[in-house]
2 protein chains.
Amino acid sequence: MVWYAGAMRSYGQFCSVARALDVIGDRWNLLIVRELMLRGQCRYTDLRAGLPGIATNLLADRLRELEQAGVVERRDAPPPIATTVFELTERGRKLEPVIRELGRWGIELMPDTDPRLAFRSYWLEFPVGLYLTDRRPDAPPITIEVRVGEDPMVIETVDGEVRSHPGSVADPDVVLGGPAPALLGLVTGKLSLAGARNRGLRVEGDLEALGRVLPDPVAS
Amino acid sequence: MVWYAGAMRSYGQFCSVARALDVIGDRWNLLIVRELMLRGQCRYTDLRAGLPGIATNLLADRLRELEQAGVVERRDAPPPIATTVFELTERGRKLEPVIRELGRWGIELMPDTDPRLAFRSYWLEFPVGLYLTDRRPDAPPITIEVRVGEDPMVIETVDGEVRSHPGSVADPDVVLGGPAPALLGLVTGKLSLAGARNRGLRVEGDLEALGRVLPDPVAS
DNA sequence: CGGCATCCTCTTTGATACTG
DNA sequence: CAGTATCAAAGAGGATGCCG
């Protein structure tokens, strides 16, 4: 069967914004890029797990289109693994500012609470990178383990920067748990520590280490 | 008739990138924002003119959704004008970084030539702001008139910055004309002045003034 | 005119089932 | 695991009509 890979509907405008949207403006496309950006190499099944609700044929279509547009690369992993992995190309990685600005803009639209929404812990990496800063870069580094959603995540101070990534850590300075909206409110400064606890946040460990990276809260 | 304003399909994810796309991810939405950002207040008909190909019912639907989401504001202009105008709200204006990063990313995907694409001269304002700089901010200001597409546009140096806006100017230092791809190539540095002329660019006036704001070309 | 609403057709999406 | 096949529902595109 031949069908010329989607033909890629275009706005037909000589404008770089419109051209960008020709390529990554279709539904799901930027979320596929988000997944690959946050998790690196992904298998087809990993992507499905991070994109709840996507139809499997749509994911296959989109990956083909993004590959053709030079945003995504497909590689057949070597023998021991024997599976296909997808990852961003250089062009795809250049979408990071777009995704980050979208995420920044979307923060104000986040619901205070809605238990029906899907959640993956690594989605918190964007707000963590945007809102947390190390106020005492010369002090010894700290680590915070976040237990929200399925998999744990680590926040750590490295050379004055605050990084985060999936995974666990031995003997963290702080352990955070509870519902995602409470944690997000704490990270963005929309909730104070007390306010976040009211919303179900659980905090164990060194509160001073936590305060070192949190922004000043603007509300309760 | 009741129809609950589009119900606004959602990805259903607790992620600010997904939330942003819930609101401005639908087809045409970001281009509507682009139009309002570049042109300010617009009438319905102005928007249609800047969005060739949009179905009229879709534009009406989208404007209602964007209004409901607090991105766009509708105002009935006072008696003498007696028409409705649309403009961005504060939240809408905050989309500027998103649009700018999209435009930056899309530059590399622009075709070298394609006469079938629609074009409006004010669409050049994004690349102008991204690529042109005043290399001699202390020298007297200069003005460049661009005659590409239907309406003229002015580029001028103001306090060391390069600004652009629709309109004309008396006695400009340089007048540029010709096909849009040639002008874009010149602005982004993908074409030298000679290369742009080969592609149909017309230049009249003070070449030195022009060189003062252009980037170093990276190719011919 | 300016600002839509309706009607119709075509394409895209979503849900589910099935396959090498 | 990495998709393809199928089908119903929703959305997009185009033409036209309506009303102040």
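Computed from a prediction, not measured in an experiment: that's the story for all the values here. All values below come from the heavy atoms of this structure, side chains included, with hydrogens, waters and symmetry mates left out. Note on naming: letters A, B, ... go to the chains in the order of the sequence lines (proteins, then strands), and numbering restarts at 1 for each one.
- Residue B:Val128 forms a side-chain contact (heavy atoms from CB on, under 4.5 Å) with just one option from B:Leu184, B:Thr188, B:Val162, and that option is B:Val162.
- A:Arg74 forms no cation-pi arrangement with A:Tyr44, by the criterion of a distance under 6.0 Å to the ring centre and an angle within 45° of the ring axis.
- Using a 4.0 Å cut-off on heavy atoms, the residues of residues 15-28 of chain B that approach DNA chain D are B:Arg27, B:Trp28, listed by number.
- Considering only side-chain N and O atoms, B:Arg62 lies under 4.0 angstrom from the phosphate OP1 or OP2 of D:dA12.
- The shortest distance between the side-chain N/O atoms of A:Arg9 and the OP1/OP2 oxygens of C:dT13 is not below 4.0 Å.
- At a threshold of 4.5 Å between non-hydrogen side-chain atoms, the residues B:Met37 and B:Ile99 count as touching.
- Side-chain N/O atoms of A:Glu150 and A:Ser121 include no donor and acceptor closer than 3.5 Å.
- Taking atom CG of B:Asp76 as the reference point, atom P of D:dG20 lies 16 Å away to the nearest angstrom.
- When each of B:Leu47, B:Thr84, B:Ile32 is checked for a side-chain contact (heavy atoms from CB on, under 4.5 Å) with B:Cys42, only B:Leu47 meets the rule.
- A cation-pi arrangement is absent between A:Arg34 and A:Phe126 under the rule of less than 6.0 angstrom and at most 45 degrees off the ring axis.
- For the residue pair A:Trp105 and B:Glu96, no side-chain donor N or O sits within less than 3.5 Å of a side-chain acceptor on the partner.
- Rounded to an integer number of Å, the gap from CD of B:Glu65 to P of C:dC4 is 14 Å.
- In terms of position on DNA chain D, the residue among A:Tyr11 and A:Val85 whose nearest nucleotide sits closer to the 5' end is A:Val85.
- Remark: the backbone N or O of A:Val23 is paired with a side-chain donor or acceptor of A:Asn29 at under 3.5 angstrom.
- Residues from residues 40-60 of chain A that place a heavy atom under 4.0 Å from any atom of DNA chain C, listed by number: A:Gly53, A:Ala55, A:Thr56, A:Asn57, A:Leu58.
- Rounded to a whole Å, the CG atom of B:Asp61 is 16 Å from the P atom of C:dG3.
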